[in-house]
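Contents: one structure, followed by commentary.
For reference, positions follow the sequence shown, starting with 1.
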Amino acid sequence: MKRSIALGLAGAAVLAGTAAPGATAQATPGLQFGACPQDVSQPHPQLQCANLDVPLDYAAPNGEKLQLLIAKSPARKPEARRGALLINPGGPGGPGVAFAGSLAGRLPAEVLDAYDLIGFDTRNSAHSTPISCVDPATYWRQPLPDPDAPQAREQNWQRAQEYADGCAQRAGKYLPHLNTPTNARDMDRIRDALGEQKISYLGYSYGTYLGAVYGQLFPERVDRMLLDSAVNPDTSEVWYRNNLNQDIAAQRRLGGYFDWIAQHDQVFHLGNDSGQVQAAWDGIRAELRKGARGALGPAELTDITFSALYSESNWEGLAEAVADFRLRGDDHKLVARVSAKDAAAENSNAIYNAVECADAPWPGRRSEWERDSEELAADHPLAAWYNSWTVAPCRVWHAPRQQPFKITGVGLPPMLVINSEHDVATPHTGAVEMHRSLPSSVLVTEKDAGKHGVWAMAGNAEVDRIGTDYLVRGELPSGNVAVAGHANPDPAAPEKSRTFDLR
C-alpha cells in the first residue's frame with residue numbers, strides 16, 4: 001500500500017538489517033533483453049525481458065543469489081528519450097512485469113515516446129523466484145469462514161497461525177529479506193544494470209511507499225517520481241494502523257456506493273434511498289449465513305463488495321448481481337464474481353503478508369487485535385474483521401520485524417503525489433501525510449471520486465495532463481491542487497466510462 005534521517009543512511013541500513021546504500025554500487029552485469037515468459041509475451045508482445053541476479057542478503061552481497069524478472073518497453077522515439085521509468089503496481093506482491101505491459105498500451109503518448117518503461121516482479125513474486133506459503137487448493141477452499149462470526153473466531157486465528165507456519169516452512173530462508181528496504185535496494189540494482197545514473201519512477205498504492213523508501217535511501221539517484229494512491233508513511237501507521245484506516249474509508253465509500261444505487265432505482269429496483277439498498281445487501285448476507293451458495297458465503301460477499309469499492313467501474317456489475325439475488329433469487333451473477341485463489345493469487349498473498357509483517361512491529365496479543373476490530377466494527381462493519389484476518393499472520397510471524405524508516409524527503413527533486421478523495425485502499429489522509437513527508441512534492445487531489453489508481457487509470461483528463469507535464473517536461477502546479485473527479489458510471493448510458501483497475 002507506506003519513514004529517522006537523523007540516523008543517517010548507515011543507521012537506517014542497520015534498522016533494515018541490510019548493508020548501507022553504497023553496497024549496491026558494485027558493478028552489476030548489464031541486462032540481456034530477449035523473449036519474455038509466454039504468459040507475459042502473449043498479451044504483451046511489445047515487452048522484452050531479462051533476468052537479474054541480486055543478493056538474497058545485501059549484508060552478504062557475494063553469497064546466495066535470487067533472480068528477478070525485468071521487462072522493458074523501449075521509448076517509442078529514441079530522439080526524445082529521457083530515460084528509464086520504473087513502474088510498480090502495488091500490493092505488496094503485484095505482478096510488475098505484466099502491469100508494465102498493460103501500461104505500455106495506455107499511458108499518454110508523450111510518456112511512451114520519452115521513457116523506457118521498466119517493469120519488474122519484486123523478489124519472490126510472480127516470475128522472480130516465487131514463493132507460496134500454503135497449498136491454495138486446500139487452504140483457500142471456498143467458502144471461507146465467516147470473518148464476522150464470533151463462533152468462527154478461533155478457526156480464523158488457527159488459519160492465521162497455519163499461514164505463518166506455512167511461510168516459515170516453505171519459504172523460511174527468504175522471509176528475513178522480504179521487506180520494503182530490500183525491494184528498494186533491488187530497484188537500485190536494476191538501475192545500475194540498466195546503465196542509468198538516475199531513474200524516474202511511477203508507483204501506485206504500495207508502490208508509493210516503495211518509492212518513498214527508495215528516495216530515502218538513494219535520493220541522488222531519483223530523477224522524477226510520481227506517487228499515485230499514496231500510503232500513509234508515518235512510522236506509527238505502517239502497517240497495522242494503515243489496515244485499520246482502510247476499514248473506516250471502506251464504510252464511507254460503501255455508503256456512497258449505496259447512494260449511487262439508490263439514485264438509479266429505475267435500473268436496479270433495490271430502493272430509492274441508501275438504507276433500502278443496505279437492507280438488501282444485509283438480507284443477502286443473512287441468507288448466506290444460513291447456507292452458502294457454492295463458493296459464495298459471507299466472507300466472499302464481503303470480499304467482492306470491498307473489492308468493488310476500489311473502482312467505480314465495478315459498481316454496475318455488482319449492483320446487478322445483488323438485484324438478481326435479492327429480487328429474483330438468482331445467484332449466478334454473484335457467484336460468478338467470486339475469485340478462486342490459484343497459485344498466482346497465493347503467491348501475491350504470501351508477499352503481501354511477508355513484506356507487511358516484516359516492515360514494522362505488530363501487536364502480539366490477540367486481545368488487542370480483537371479489541372480494535374470490535375471497536376471499528378461498531379460503526380464500520382463492512383471490513384473491520386475481514387481486513388484484520390487478512391493480515392492476522394503478522395501477529396505470529398516467524399521473521400524479524402523492522403522499525404519503519406522516517407521519510408523526510410531530504411535531497412529529493414520535485415515530486416508529484418496524486419490521490420482520489422474517497423480512496424478505500426489508500427485513504428486521502430495518507431496522501432496528505434506522504435506530501436508532508438516529501439517537502440518537494442505537490443499533492444493533486446481528485447475530488448468527489450474514489451478510484452484507487454488515478455493517473456492514466458481513471459479517465460480524468462486534467463489529472464492525466466498534470467502527470468504528463470511533470471514526467472515529460474518537469475512542470476508541476478505552483479501548489480497543491482484539487483481537480484474535479486471523473487464522472488460516476490451511468491447504468492442507463494449505452495457506453496460506460498473507461499478506467500483501468502489496480503484490483
Without hydrogens or angle criteria, can the side chains of Asp423 and Thr426 be said to hold a donor-acceptor pair below 3.5 Å?
yes

I'd like to know if Asp113 and Lys77 make a salt bridge, using a cut-off of under 4.0 Å between side-chain N and carboxylate O.
yes

Whether Arg401 and Asp359 form a salt bridge (side-chain N of Lys/Arg under 4.0 Å from carboxylate O of Asp/Glu) is what I want to check.
no

Please report the C-alpha distance between Thr445 and His428 in whole Å, then the side-chain angles of each, then the deciding distance to 0.1 Å, and finally whether the side-chain hydrogen bond (donor to acceptor under 3.5 Å, both in side chains) criterion is met.
CA-CA 8 Å; Thr445 299; His428 186 262; 2.7 Å; yes

Asn419 and Val454, any side-chain heavy atoms less than 4.5 Å apart
no

Does Glu64 reach the side chain of Lys173, with side-chain heavy atoms less than 4.5 Å apart?
yes

Pairwise side-chain contact, Pro361 with Pro404, heavy-atom cut-off 4.5 Å (strictly under):
yes

Show your working on side chain to side chain contact (heavy atoms under 4.5 Å, CB included) between Tyr240 and Cys394 and close with a plain yes or no.
CA-CA 9 Å; Tyr240 180 68; Cys394 293; over 6 Å; no

Would you call Glu196 and Arg221 a salt bridge, using N to O less than 4.0 angstrom?
no

Decide, yes or no, whether a salt bridge links Arg473 with Glu110 under the criterion of side-chain N to carboxylate O below 4.0 Å.
yes

Is a side-chain N or O of Asn124 found less than 3.5 angstrom from the main chain of Thr129, in a donor-acceptor match?
yes

Quiz question: by atom type and distance under 3.5 Å, do the side chains of Asp165 and Gln169 form a donor-acceptor pair?
no

Can you tell me how far apart CG (Leu178) and SG (Cys357) are? Round to the nearest 0.5 Å.
10.5 Å

Going by distance alone, is a donor N or O of one side chain under 3.5 Å from an acceptor N or O of the other, for Ser125 and Thr122?
yes

Go through the steps to decide whether Asn245 and Glu237 satisfy the test side-chain hydrogen bond (donor to acceptor under 3.5 Å, both in side chains), and finish with yes or no.
CA-CA 9 Å; Asn245 292 337; Glu237 302 291 310; 2.8 Å; yes

Determine whether a donor-acceptor pair (N or O, by modelled atom type, separation under 3.5 Å) exists between the side chain of Asp53 and the backbone of Lys65.
no

Ignoring hydrogens and angles, tell me if any N or O in the side chain of Glu300 forms a donor-acceptor pair with the backbone of Leu144 under 3.5 Å.
yes

Nearest heavy-atom contact between Gln46 and Ser73 is CG-OG, 3.9 Å

Main chain of Val355, side chain of Asn179: is a donor-acceptor contact present, judged purely on distance under 3.5 Å?
no

Could you check whether the rings of Tyr214 and Phe218 sit parallel, tilted or perpendicular, using 30° and 60° as the cut-offs?
tilted

Assess the residue pair Trp369 and Arg395 against the criterion (side chain to side chain contact (heavy atoms under 4.5 Å, CB included)); give the C-alpha distance rounded to whole Å, side-chain angles, the decisive distance to 0.1 Å, and a yes or no.
CA-CA 9 Å; Trp369 289 68; Arg395 186 182 73 86; 3.7 Å; yes

Going by atom types alone, do Tyr58 and Asp186 pair a side-chain donor with an acceptor below 3.5 Å?
yes

Between Phe306 and Ala250, the two heavy atoms sitting closest are CE1-CB, 3.6 Å

Test item: Ser307 side-chain N/O and Asp303 main-chain N/O as donor-acceptor pair under 3.5 Å:
yes

Side-chain heavy atoms of Val444 within contact of Val417, under 4.5 Å:
no

Rounded at 0.5 Å granularity, tell me how far CD1 in Ile304 sits from CG in Leu309.
11.0 Å

Could you go through Ser200 and Asp223, starting from their C-alpha distance and side-chain angles, then the distance that decides it, and tell me whether this counts as side chain to side chain contact (heavy atoms under 4.5 Å, CB included)?
CA-CA 5 Å; Ser200 292; Asp223 184 11; 3.4 Å; yes

Is there a side chain to side chain contact (heavy atoms under 4.5 Å, CB included) between Val481 and Ile466 once you walk through the steps?
CA-CA 10 Å; Val481 295; Ile466 292 171; 4.3 Å; yes

Identify the two heavy atoms, one from Asn387 and one from Asn243, that lie closest to each other, and give their separation to 0.1 Å.
ND2-O, 3.0 Å

Donor-acceptor pair, Arg123 side chain versus Leu56 backbone, under 3.5 Å?
yes

Between Trp362 and Glu356, which heavy-atom pair has the shortest distance, and what is it?
NE1-O, 2.9 Å

What distance separates Leu202 CG from Ile118 CD1, expressed to the nearest 0.5 Å?
12.5 Å

Asp116 to Ala75 - nearest heavy-atom pair and separation
OD1-N, 2.7 Å

Just by distance, no angles: are the side chains of Gln216 and Thr408 close enough, under 3.5 Å, to form a donor-acceptor pair?
yes

Ring pair (Phe, Tyr, Trp, His ring centres under 6.0 Å) partners for Tyr257, two or more places apart
Trp315

Gln403 vs Thr235, side-chain hydrogen bond (donor to acceptor under 3.5 Å, both in side chains): CA-CA, chis, key distance, verdict:
CA-CA 8 Å; Gln403 293 297 324; Thr235 56; over 6 Å; no

Do other residues, nucleotides or ligands put more than 12 heavy atoms under 6.0 Å from the CZ atom of Arg252?
no

Report the distance from atom CG of Asp135 to atom OG1 of Thr138, rounding to the nearest 0.5 Å.
3.5 Å

Which heavy-atom pair separates Arg82 from Leu471 by the least distance, and what is that distance?
CD-O, 3.9 Å

Is the backbone N or O of Met415 less than 3.5 Å from a side-chain atom of Ser441, with the two atoms forming a donor-acceptor pair by type?
no

Inter-residue atom distance Asp57.CG - His177.NE2, 0.5 Å rounding
4.0 Å

Could you check whether Arg189 pairs with Asp192 (Lys NZ or Arg NE/NH1/NH2 to Asp/Glu carboxylate O, under 4.0 Å)?
no

Between Arg191 and Glu220, is the closest basic N to carboxylate O distance under 4.0 Å?
no

Which residue in the set Glu462, Glu312, Lys451 passes side chain to side chain donor-acceptor pair (under 3.5 Å) when paired with His486?
Glu312

Near Arg159 CZ, under 6.0 Å, is it more than 12 heavy atoms from other residues, nucleotides or ligands?
yes

How about Trp239 and Val391: do any of their side-chain heavy atoms sit closer than 4.5 Å?
no

Between Asn480 (side chain only) and Leu443 (backbone N and O only), is there a donor and an acceptor less than 3.5 Å apart?
yes

State, yes or no, whether a side-chain contact exists between Tyr470 and Arg224 at a heavy-atom distance under 4.5 Å.
yes

Return yes if a side-chain donor-acceptor contact under 3.5 Å exists between Glu433 and Asn232, otherwise no.
no

Would you say Cys49 and Pro37 make side-chain contact, with heavy atoms under 4.5 Å?
yes

Show your reasoning for whether side-chain hydrogen bond (donor to acceptor under 3.5 Å, both in side chains) applies to Ser205 and His452.
CA-CA 8 Å; Ser205 194; His452 184 56; 3.0 Å; yes

Looking at Asn88, is its backbone amide N or carbonyl O close enough to the side chain of Tyr206 to form a donor-acceptor pair, meaning the two atoms are under 3.5 Å apart?
no

Report yes or no: does Asn347 contribute a side-chain atom to a donor-acceptor pair with the main-chain N or O of Ala126 at less than 3.5 Å?
yes

Could you grab the distance from atom OH of Tyr163 to atom CH2 of Trp140, nearest 0.5 Å is fine?
6.0 Å

